[in-house]
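Structure record follows, encoded as structure tokens.
By convention in this document, chain letters (A, B, ...) are assigned in the order of the sequence lines, proteins followed by strands, and residues within each chain are numbered from 1.
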Amino acid sequence: MFRVLKATTVPAALALVLAALTEPAQGQAAKDKPSFIVIVNAENDTRELPMADLARIYLGKKTLWDAGTRGRIHPAMLGEEQGVVREFIEKDIQRTVDQYRAYWKHMLFSGGGTAPRTFRTAAHVIEFVASEPGAVGIVAAPPTDDRVKVIEVKGGR
Amino acid sequence: MGPKPDRWVGWLVAGGLLALGPAAGADELLDRVTFNGFMGVEFERQLDTQGFGDPEGSFDSDVIGIAINVHATDRVRVSIESDWEHGASTGANRGSLNLEYGFMEYTVSDLLKIRAGKFLTPFGIFNEIHNVAYTFAPVKLPSPSNRTDRIVRDAYAPHPRWGTGVALHGDSSIGGRDWSYDVLVANGDNATVNPFDRDENESKSVAARVRFEPSPHLRLGTSFYWDRTMQTGFNRLVSHGAEGDLRLGRIQVLAEGIFGWKRRTTGETVRQIAAYGQAAYRFDNRITPYVRLELVDLRDTEGDAGINLITGANYEIDRNLFLKLENDHFRGRAKNPLGALPGGGYDELKVALCFGF
């Protein structure tokens, strides 16, 4: 039995380690200021958010606002394949996009909650945040719509 | 008796929708309700002439599942998932329809979410994922987590798959490190009555799990289950589990160990240990090779241990559509029925096509 184990698991494990060493990890963090913009509804009292809290919001671990009504947070963002969102997932959530999707599949089907809403364009993200008082959104550029406001994100994860 | 299980879905959906209130417009309703689902079709064929697999080679309409979440208010959520398994046709031995879970949740804070209803037991990594195959790399769940009998015939499940009762869930962080907990107090397992409707004894089962993330790449956890079980011939079930989930770039390594005992009404105990380790690597071309080693051993029976070594790969054909191909290599020691087979076991080919939305 153990001969069989050695014959199959050792090469497989070596292949995995070699593959990891030869391909760059996607989650390598730079310490720069985020290139994305975080927006909330203009009625929201929140002015700034620690990066750790932002990551926890997009992982479904923080679901209520601390300030104001303490209502439910409705996270939204552009699709995961888009540059700023990919950067947020890889650098600040510290998962690959595939791992992030897998995380939410597990959460969803184990009854843990529903994933952030994703939209194809920044205009749709802004419209959603403008229409939902508890919403938070991630976009690439500051919006001109005064129904939403930009909040500062502080620190790293 | 309560309503039949297949009616629970209807009742819970209706309750959730009513909770939205008559003022909820169509747009608002759509914002608060989400529908998701999954399905899987499998083909299995035993590769050796003797074994306990499927020598004919069979297609299996494995599962179709629907999950519904209703965010009735900012703090009230109803979550339901129902599965049709093996081509459920309602006749005897023609598949099954299961309410996998259906519960109401009230969020007091992120640290305290109170839930009531039917749950998948919060124990280890996989029980709550059950048969949502597109969420994990191999074709099946690890046998050591719930189907230990696939490797050692007389082995027992370390906990019931489901429980009806009250649960708590919370998320928080300590020093910037995330942690979470789950507790479920339920009827436990019953021998003669529907455990989702009645209990046979005053003692309630307790399942608990704590998880801690020392880094964003590593999650560690421990689980516990206790039940005054009424299964024939037994009166106590105790299980402990330890789990790890490590992500290094594109590599994911999962490991879990479960040990515990079941006490007979005569006072003897049956001790069992089960474990698995799994590694997977996702390439840019969406191919993920994986390997998983599973082990089950009844500690009081010498020489009955068994393993299953799974090697395979999956390919994400399109987003959330996976084709999986693997070999399951079952082997057992002398007192394990697997060990009595020529070569000490058998191999089985498994192919699966699974999708989620």
- Query: Considering all heavy atoms of both residues, which atom of B/S79 and which atom of A/G111 are nearest to each other, and what is their separation?
  - Reply: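 Minimum heavy-atom separation between B/S79 and A/G111: OG-CA, 3.8 Å.
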- Message: I need the minimum non-hydrogen distance between B/F38 and A/F109, along with the two atoms involved.
- Response: CD2-CE2, 3.4 Å
Heavy-atom cut-off 4.5 Å, strictly under: side chain, backbone, both or neither for [X] against chain A?
| X | answer |
| --- | --- |
| B/T34 | side chain |
| B/N36 | both |
| B/R115 | side chain |
| B/R319 | side chain |
| B/F119 | neither |
| B/H169 | neither |
| B/S173 | both |

- Query: Which distance, rounded to the nearest 0.5 Å, do you find between the NE2 of B/H71 and the OG1 of A/T63?
  - Reply: 9.0 Å
- CG on B/L111 to CG on A/L64, rounded to 0.5 Å: 11.5 Å
Does anything in [range] reach chain B? List residues with heavy atoms under 4.5 Å apart, or say none.
| range | value |
| --- | --- |
| residues 101-108 of chain A | A/R101, A/K105, A/H106, A/L108 |
| residues 137-151 of chain A | none |
| residues 112-128 of chain A | A/G112, A/G113, A/T114, A/R117 |

- Task: Could you list the residues that satisfy side-chain contact (heavy atoms from CB on, under 4.5 Å) with B/T121, not counting sequence neighbours?
- Result: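 By the side-chain contact (heavy atoms from CB on, under 4.5 Å) rule, B/T121 matches B/F123, B/N127, B/H159, B/A207, B/Y225.
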- Query: Is the backbone of A/S110 close enough, under 3.5 Å, to the side chain of B/E100 for a donor and an acceptor to pair up by distance?
  - Reply: no
Of the listed residues ([options]), which shares the most heavy-atom pairs with chain A below a 4.5 Å separation?
| options | result |
| --- | --- |
| B/S180, B/G356, B/S172, B/G344 | B/S172 |
| B/S215, B/G345, B/G37 | B/G37 |
| B/N320, B/D110, B/T107, B/D171 | B/D110 |

- Message: Working note: A/K61 + B/E213, criterion side-chain contact (heavy atoms from CB on, under 4.5 Å); need CA distance, chi angles, decisive distance, verdict.
- Response: CA-CA 13 Å; A/K61 297 173 179 178; B/E213 298 180 31; 2.8 Å; yes
- Query: So A/R72 and B/V76, side-chain contact (heavy atoms from CB on, under 4.5 Å) or not? Walk me through it.
  - Reply: CA-CA 10 Å; A/R72 180 173 153 235; B/V76 177; over 6 Å; no
- Task: Among B/R282, B/Q252, B/R250, find the one that has a side-chain hydrogen bond (donor to acceptor under 3.5 Å, both in side chains) with A/D98.
- Result: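 For A/D98, the side-chain hydrogen bond (donor to acceptor under 3.5 Å, both in side chains) check succeeds only for B/R282.
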